[in-house]
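Take a look at the structure set out below.
Within every chain, numbering begins at 1; the chains are lettered A, B, ... in the order of the sequence lines, protein sequences first and strands thereafter.
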Protein chains: 2
Amino acid sequence: MDDNMLQPHTEPSYVERLRRQGVRVTPQRLIVLEALAAHSGHITADEILRWAALRYPAINLATIYRTLEMLISIGLVAQSDFGSGISYFELVGEAPHHHLVCEHCHAVLEVDDKALQPLHESILHGYGFATNSRHLALFGCCQACLAALEQSVR
Amino acid sequence: MDDNMLQPHTEPSYVERLRRQGVRVTPQRLIVLEALAAHSGHITADEILRWAALRYPAINLATIYRTLEMLISIGLVAQSDFGSGISYFELVGEAPHHHLVCEHCHAVLEVDDKALQPLHESILHGYGFATNSRHLALFGCCQACLAALEQSVR
DNA sequence: GTGAGTGCAAATGCTTTGCAGACGT
DNA sequence: ACGTCTGCAAAGCATTTGCACTCAC
């Protein structure tokens, strides 16, 4: 199959990175990567399926899960479970960041890892535990819901 | 049924707290509370079932889930999903704390909430997001696995 | 006595797996 | 051509739900 036809928007580096890992470059894998790239943030397996099916209707959910598993194992993708029982996937980018998950409206904000540097250090020193700087999830209540809650109290 | 026979080890305050909420006090509910109290840390629904079945064989998993849901809704129990797709439950105690989940050996350490105070504040100020002080889960690598990894590199 | 709570069994939803066939190398 | 990868269908697993019965109040 013609690579150029199917991955016009894919960073060529991904193809190389797959090859370098000794795994085969297939249209399905490129499409999963494109789906991840298109949704700069987090995306579920099912969302990848629906997005991919637009251009490659025959693609199968099992293939997507297997592809994601492979991409995670080679460090190209990070998986986060926001406590919902549903896994979210995203490309591992240059800048590590984390997620603030609102327990009320389920919105997900991203936090730059720099903001958590003091946390990493205090936990490393206090507990000898090296927190992962790639995909933490912090739960709480976002600004909008905080405001709404305050309103209802009055 | 005789409460005293079935909840000799249960804090009487739990019975009162249930009554105060207007929910019925049943042996199943007391046993779930005892199971949670017996495992001071985190425990899965299935572990509660096995523990409870020792003294009350007829108890059912669905009942345990429904009981946990109720206990969470009245604030007696906290639920954490450590990214494994399995929920862990624990009694909400006096001192808020969080969990450090080792991605290698799956050990779970507890962190006092005080250690995260700077984090709460910096996120509140920087993002207007009020992080939950009850059940955060932080992922990373524990001391033992860090040491083991260092060994293997040499 | 009444309705909240329970047990049972079946259903749900996400994810994984077995296997035969397809395709990247 | 070889062996990896895919599609399909079925299984797994934690959790939820519908319903008739039971028991705490």
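A/Ser87 meets the side chain to side chain donor-acceptor pair (under 3.5 Å) test with A/Gln79; sequence neighbours excluded.
Side-chain proximity of B/Thr26 to C/dG7, C/dT6, D/dC25: nearest is C/dT6.
Pairing each heavy atom of A/Val92 with each of A/Ala78, the nearest pair is CG2-N, 3.7 Å.
Applying the 4.0 Å criterion to OP1 and OP2 of C/dT6, one finds that B/Arg29 has a side-chain N or O inside that range. Dashed line: the shortest gap from a side-chain N or O of B/Thr63 to OP1 or OP2 of C/dG7 is under 4.0 Å.
Using a 4.0 Å heavy-atom criterion, one finds that A/Glu69 contacts no nucleic acid atom at all.
Taking atom CD1 of residue A/Ile48 and atom P of nucleotide C/dC14, one finds them 14 Å apart after rounding to whole Å. The CG-P distance, from B/Leu30 to C/dG5, rounds to 13 Å in whole Å. One interatomic measurement links the two molecules: CG of B/Leu33 to P of C/dG5, which rounds to 14 Å at whole-angstrom precision. Distance A/Ile31 CD1 to D/dT6 C1': 13 Å, rounded to the nearest Å. Rounding to whole angstrom units, CG of residue B/Leu18 and C1' of C/dA4 are separated by 14 Å. C/dG5 atom C1' lies 12 Å from atom CD1 of B/Ile59, rounded to whole Å. Summarising the geometry, the separation between CD on B/Gln28 and P on D/dA24 is reported as 8 Å, rounded to the nearest angstrom. Atom-to-atom, CG of A/Asn60 to P of C/dT16 comes out at 13 Å; the value is rounded to the nearest Å.
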Filtered N/O pairs between nucleotides 13-16 of chain D and protein, under 3.5 Å:
{"unit_1": "D/dT15", "atom_1": "OP1", "unit_2": "B/Ser87", "atom_2": "N", "d": "2.9"}
{"unit_1": "D/dT15", "atom_1": "OP1", "unit_2": "B/Ser87", "atom_2": "OG", "d": "3.0"}
{"unit_1": "D/dT15", "atom_1": "OP2", "unit_2": "B/Tyr65", "atom_2": "OH", "d": "2.0"}
{"unit_1": "D/dT15", "atom_1": "O5'", "unit_2": "B/Tyr65", "atom_2": "OH", "d": "2.9"}

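Between A/Asp113 and A/His120 the shortest side-chain heavy-atom distance falls below 4.5 Å.
Other residues, nucleotides and ligands contribute over 12 non-hydrogen atoms within 6.0 Å of the CD atom of A/Glu47.
The base of C/dT25 is not paired with the side chain of A/Arg24 by any donor and acceptor separated by under 3.5 Å. Between the side chain of B/Arg66 and the base of C/dG7 there is at least one donor-acceptor pair of N/O atoms closer than 3.5 Å.
Grouping the Ile, Leu, Val, Met, Phe, Trp and Tyr side chains by contacts below 4.5 angstrom, directly or via other members, places B/Met70 with B/Leu68. Connection of B/Leu146 to A/Tyr127 is not established within any shared hydrophobic cluster, with ILVMFWY side chains joined at heavy-atom distances below 4.5 Å, either directly or through further cluster members. B/Val111 and A/Leu124 are assigned to two separate hydrophobic clusters, defined by single-linkage of ILVMFWY side chains at heavy-atom distances under 4.5 Å.
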